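A quick write-up on the structure given underneath.
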Protein chains: 2
Amino acid sequence: MPHLAFPNSCDGFRCETHCSVRSLAICGQLNESEHQEFERLAQHVRFGPKEALFSEDEMVDSVYSLTEGIARLYKLLPDGRRQIIGFALPGDFLGMAPSNRYSFSADAIGPLTVCKFFRGPFMRFIENRPQMLMRMNEFATRELGLAQDQMLLLGRRSAEEKVAAFLVGWRERLARLEGMTKTVTLPMGRQDIADFLGLTIETVSRTFTKLEREKLIVIVPDGVRVLDSKRFDALAAA
Amino acid sequence: MPHLAFPNSCDGFRCETHCSVRSLAICGQLNESEHQEFERLAQHVRFGPKEALFSEDEMVDSVYSLTEGIARLYKLLPDGRRQIIGFALPGDFLGMAPSNRYSFSADAIGPLTVCKFFRGPFMRFIENRPQMLMRMNEFATRELGLAQDQMLLLGRRSAEEKVAAFLVGWRERLARLEGMTKTVTLPMGRQDIADFLGLTIETVSRTFTKLEREKLIVIVPDGVRVLDSKRFDALAAA
DNA sequence: CGCCTGGTTGACTAATGTCAAATTGGGTGG
DNA sequence: CCACCCAATTTGACATTAGTCAACCAGGCG
């Protein structure tokens, strides 16, 4: 079952105390009384595998702070071609859009829980709290930086470089949550990786195999083990 | 000389009154007294063609609001491959980065002028002004939306679709400034377009020629004239 | 007048995509 | 516990798109 193992800390409607990613999340700098007020706006909602949080072009009614699990964020072309624009991890904030409609779709990869906020109350909460607005800015700027890295990857890297850079980047993001490990868990399937890297599933599969033949990685269930970090980082940076 | 023609409104050190893109810029919602205070933080700086505003990995000391001209924003791989991540137009805001270093390079395409702010004073100005912070958020969210569209383009569109989508998108951005026109001016060269679309200059050139043969556009000096908007938009959306 | 830069065109190559078949591994029911 | 099924992945053979390398062309400027 591919999902990150986090303690299931939020069973009920309100969970003021044990959110395991609070310090990483949008609400991470609120003091206790502010946080209680903020919590009153939140609904803790669970989603099952493949369930949609929201879809592109729907009216934006809510924003989300991811607390457990992983989401796939993507855009579709009319003929069905899909581009995954990112994977959201616990602590990530979703749902801000340049218009009144979501600019992409989001669905759960495995089981997932979020703090859901209706847009109106959320906006009213933040609009006179500069600290919160600064934090929103940090989040947006970080996302934008990731998006720019991804443009470089999509436009200018070879298939092998794409896969290597993806694994390195994914490992770093997991390290923020779980600490650095030799084994990189990959909760998403090969098709998701392909749609993230602008490749076909066959090319991704062949590239994994090639990296394994070259003794850079070992493919294990639900992930890969990185053998030669140095050579690997070099390939990813290249 | 490829550049957008805007009245040259800012000759001296301070220009409180005639910035032609003020309503579109980051400072567009400040009242007069706030705007005067804000202006005291600004330096109006000019750059010539190809001059660098800042480069990737330099320490961030300033942020910029573009007032005239066009800038090229890009990232490089160690071997020199380049990805243009965007073109900045008057009103655009540059220089926010997820770390203390710029995450991309920016240089002037033609002659260009900016309002330059040192980071510290700028941050102190905005940090207790929710309206300004909201505006920063809007800007960041809009940029993020454009970046996501570009990821879809880079990962999943064919060369012909890339070029068509680029022309349509560029025309829309110019329309915000100049109003909608049949002739789309292209101040950037073919190599810039190629590096923006993840193609080679030869492929871009061939694709322009192909679109002209198909009577969708006419190539004119410094731009193209769109003949069949409907068929063209369809190709770009595809 | 002719050079220089940027753009275009042509012939060929290489990387990645396409289509189809084979393999793996986990989960389920007997 | 085992056999089977299904979905995901891998592999192979071949097609296609875009890249590479090289030559050519056109306009602007000394």
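Every chain is numbered from 1, with letters handed out A, B, ... down the list of sequences. No hydrogens, no waters, no symmetry mates; every other heavy atom, side chains included, goes into these values. These figures come from a predicted structure and were not determined experimentally.
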*May I have the distance from Arg81(B) (atom CZ) to dG19(D) (atom C1'), rounded to whole angstrom?*
13 Å
*asked:* In whole Å, I'd like the distance from the CG atom of Leu153(B) to the P atom of dA18(D).
replied: 12 Å
*Any side-chain heavy-atom pair from Arg206(A) and Thr209(A) closer than 4.5 angstrom?*
no
_Without decimals, in angstroms, what is the distance between Lys162(B) NZ and dG19(D) C1'?_
12 Å
_Using a 4.0 Å heavy-atom cut-off, does Ser205(B) contact any base of the nucleic acid, only the sugar-phosphate backbone, or nothing at all?_
base
*Phe54(B) and Phe104(B) aromatic ring geometry - parallel, tilted or perpendicular at 30°/60° bounds*: tilted
*Would you kindly give the CG-to-P distance between Leu154(B) and dA18(D), to the nearest whole Å?*
13 Å
*Along DNA chain D (nearest heavy atom to each residue), the more 5'-positioned of Phe208(A) and Arg156(A)*: Phe208(A)
*Mind checking whether Phe47(A) and Tyr64(A) have parallel, tilted or perpendicular rings, split at 30° and 60°?*
perpendicular
*For the base of dG17(C), is there a side-chain donor-acceptor partner from Arg206(A) under 3.5 Å away?*
no
*Between Thr203(B) and dA18(D), is there a side-chain N or O to OP1/OP2 distance below 4.0 Å?*
no
*In whole angstrom, give the distance that lies between atom CD of Glu160(A) and atom P of dA14(C).*
17 Å
_Using side-chain heavy atoms (C-beta onward) and a distance below 4.5 Å, is Leu167(B) in contact with Val226(B)?_
no
*Under the 3.5 angstrom rule, does the side chain of Lys75(A) hit a backbone N or O of Ser103(A) as a donor-acceptor pair?*
yes
*For Arg225(B) and Thr183(B), test the side chains for any donor-to-acceptor distance below 3.5 angstrom and give the result as yes or no.*
yes
_What is the distance, to the nearest angstrom, from the NZ atom on Lys50(B) to the P atom on dT5(C)?_
9 Å
*Strand contacts (DNA chain C) in residues 190-202 of chain A, 4.0 angstrom heavy-atom criterion*: Gly198(A), Leu199(A), Thr200(A), Glu202(A)
_Separation between CG of Leu77(B) and CD of Glu161(A), rounded to the nearest 0.5 Å_ = 7.0 Å
_Contact nearer the 5' end of DNA chain C, comparing Ala159(A) with Ile219(B)_ = Ile219(B)
